[in-house]
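We name chains A, B, ... by the order of the sequence lines, and we start the count at 1 in each one. All values below come from the heavy atoms of this structure, side chains included, with hydrogens, waters and symmetry mates left out. For clarity, every value in this text was computed on a predicted model and none was experimentally measured.
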Protein chains: 2
Amino acid sequence: MKALKQRSTCPISTSLDVLGDKWTLLIIRDMVFAGKSTYGQFLQSAEKMATNILADRLAVLESQGLLTKAVAADKKSKFTYRLTEKGVAIVPILVELVLWGAQHSATTIDPSLLAELQTGKDAAVEKYQRLARAELRS
Amino acid sequence: MKALKQRSTCPISTSLDVLGDKWTLLIIRDMVFAGKSTYGQFLQSAEKMATNILADRLAVLESQGLLTKAVAADKKSKFTYRLTEKGVAIVPILVELVLWGAQHSATTIDPSLLAELQTGKDAAVEKYQRLARAELRS
DNA sequence: CCTTTGCACTTGCAAATCGCAAGCAAATGT
DNA sequence: ACATTTGCTTGCGATTTGCAAGTGCAAAGG
């Protein structure tokens, strides 16, 4: 059990109690936009997160009910992490972070994805939420 | 100059390079939703942030162009912090954090504000961005 | 079988950051 | 003149991070 301390009852503050660090949302990003689902896949991201931090954050996310951990279908030595509905509900936050980053910093992003988010934000949110639920990719 | 290291060129990652901690977005929250603009006002928030952390985060936000610092109109010993356009553009992120927190955690929030955000998100975003630009509240 | 490989962590440790309390300096109030 | 307000800065112990190395376990190869 990873108990988090709640600093106040403000919804923004309680959200940040869980999501407010440099790594947690990157894990969810990898699950939503890159279809990743295993420990090894998360480690391969460009930001190179440390193994102990990843293990810690996955434990927090599981204990907070944002994702579930299960033995992989193919190998017993692998685990598959999947988003719960509470985790899927993070997608709108990720989309806003993409838009703000793309518009106010030097970043690299697939132009068609950016256009998709800018012109039809709600539709794009629903699309990626559907993908995350179904886990259609690999 | 508070230089931040950029971990990758992913827009979510670069956004988190600036916003990814437990305090930065609370400062912006106080400016947008509570109309706060001074060091002393930020310190009075329910989350009780430490004075050195506040000073550090304000310096980062200023150097990253999210807010400006100016001597207050009434007193020379006071400073007034105001959001730039880059800072005002954070409002959609805050709104999504409010909605996620309110729907998935035990929080306290003015029911009429929650209803406003749920039924007319875009209109609410524009309203609070307008307020932050004009700083109509003292 | 027995060894090797891949995967998912765990551990140790130095360095950075945080959180708390106290101190400080300039502008203001009385 | 003296005390107070305001906006920080400093010191320091505790926590968290980042890096490297090691561990345990299951499947694959020989």
Expected list for residues 10-19 of chain B: side-chain donor-acceptor pairs under 3.5 angstrom, two or more places apart:
residue	atom	partner	partner atom	Å
Ser13(B)	OG	Ser8(B)	OG	3.3
Thr14(B)	OG1	Cys10(B)	O	3.4
Thr14(B)	OG1	Pro11(B)	O	3.0
Ser15(B)	OG	Leu97(A)	O	2.9
Ser15(B)	OG	Gly101(A)	N	3.3
Ser15(B)	OG	Pro11(B)	O	2.9
Asp17(B)	OD1	Arg7(B)	NE	2.8
Asp17(B)	OD1	Arg7(B)	NH2	3.4
Asp17(B)	OD2	Arg7(B)	N	3.3

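- Contact between the side-chain N/O atoms of Tyr81(A) and the OP1/OP2 oxygens of dC9(C) is found at a separation under 4.0 Å.
- Taking atom CG on Asp56(B) and atom P on dT17(C), their separation rounds to 9 Å, with Å as the unit.
- Tyr81(B) places no side-chain N or O within 3.5 Å of a backbone atom of Lys36(B) that could act as its donor or acceptor partner.
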Considering only nitrogen or oxygen atoms on both sides, find all protein atoms under 3.5 Å from nucleotides 28-30 of chain C and state each distance.
residue	atom	partner	partner atom	Å
dT28(C)	OP1	Lys76(B)	N	2.5

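- Applying the salt bridge (Lys or Arg N to Asp or Glu O under 4.0 Å) test to Lys69(B) and every residue at least two apart in sequence or in another chain returns nothing.
- Taking Leu113(A) as the reference, Ile109(A), Asp110(A), Glu116(A), Leu117(A), Tyr128(A) meet the side chain to side chain contact (heavy atoms under 4.5 Å, CB included) condition, with sequence neighbours excluded.
- OP1 or OP2 of dC8(D) has at least one side-chain nitrogen or oxygen of Lys69(B) nearer than 4.0 Å.
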- Going 5' to 3' through nucleotides 18-23 of chain D and flagging B where a protein heavy-atom sits under 4.0 Å of the base, S where only the sugar-phosphate is that close, and - otherwise, we get BBBB--

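- Side chain of Gln41(B) to main chain of Ser37(B): a donor-acceptor pair is present (N/O by atom type, distance under 3.5 Å, no hydrogens or angles).
- One finds a side-chain N or O of Arg57(A) lying less than 4.0 angstrom from the OP1 or OP2 phosphate oxygen of dT17(D).
- A salt bridge (charged side-chain N to carboxylate O under 4.0 Å, His left out) check over residues 73-88 of chain B, counting only residues at least two apart or in different chains, returns the pairs Glu85(B)-Arg133(B).
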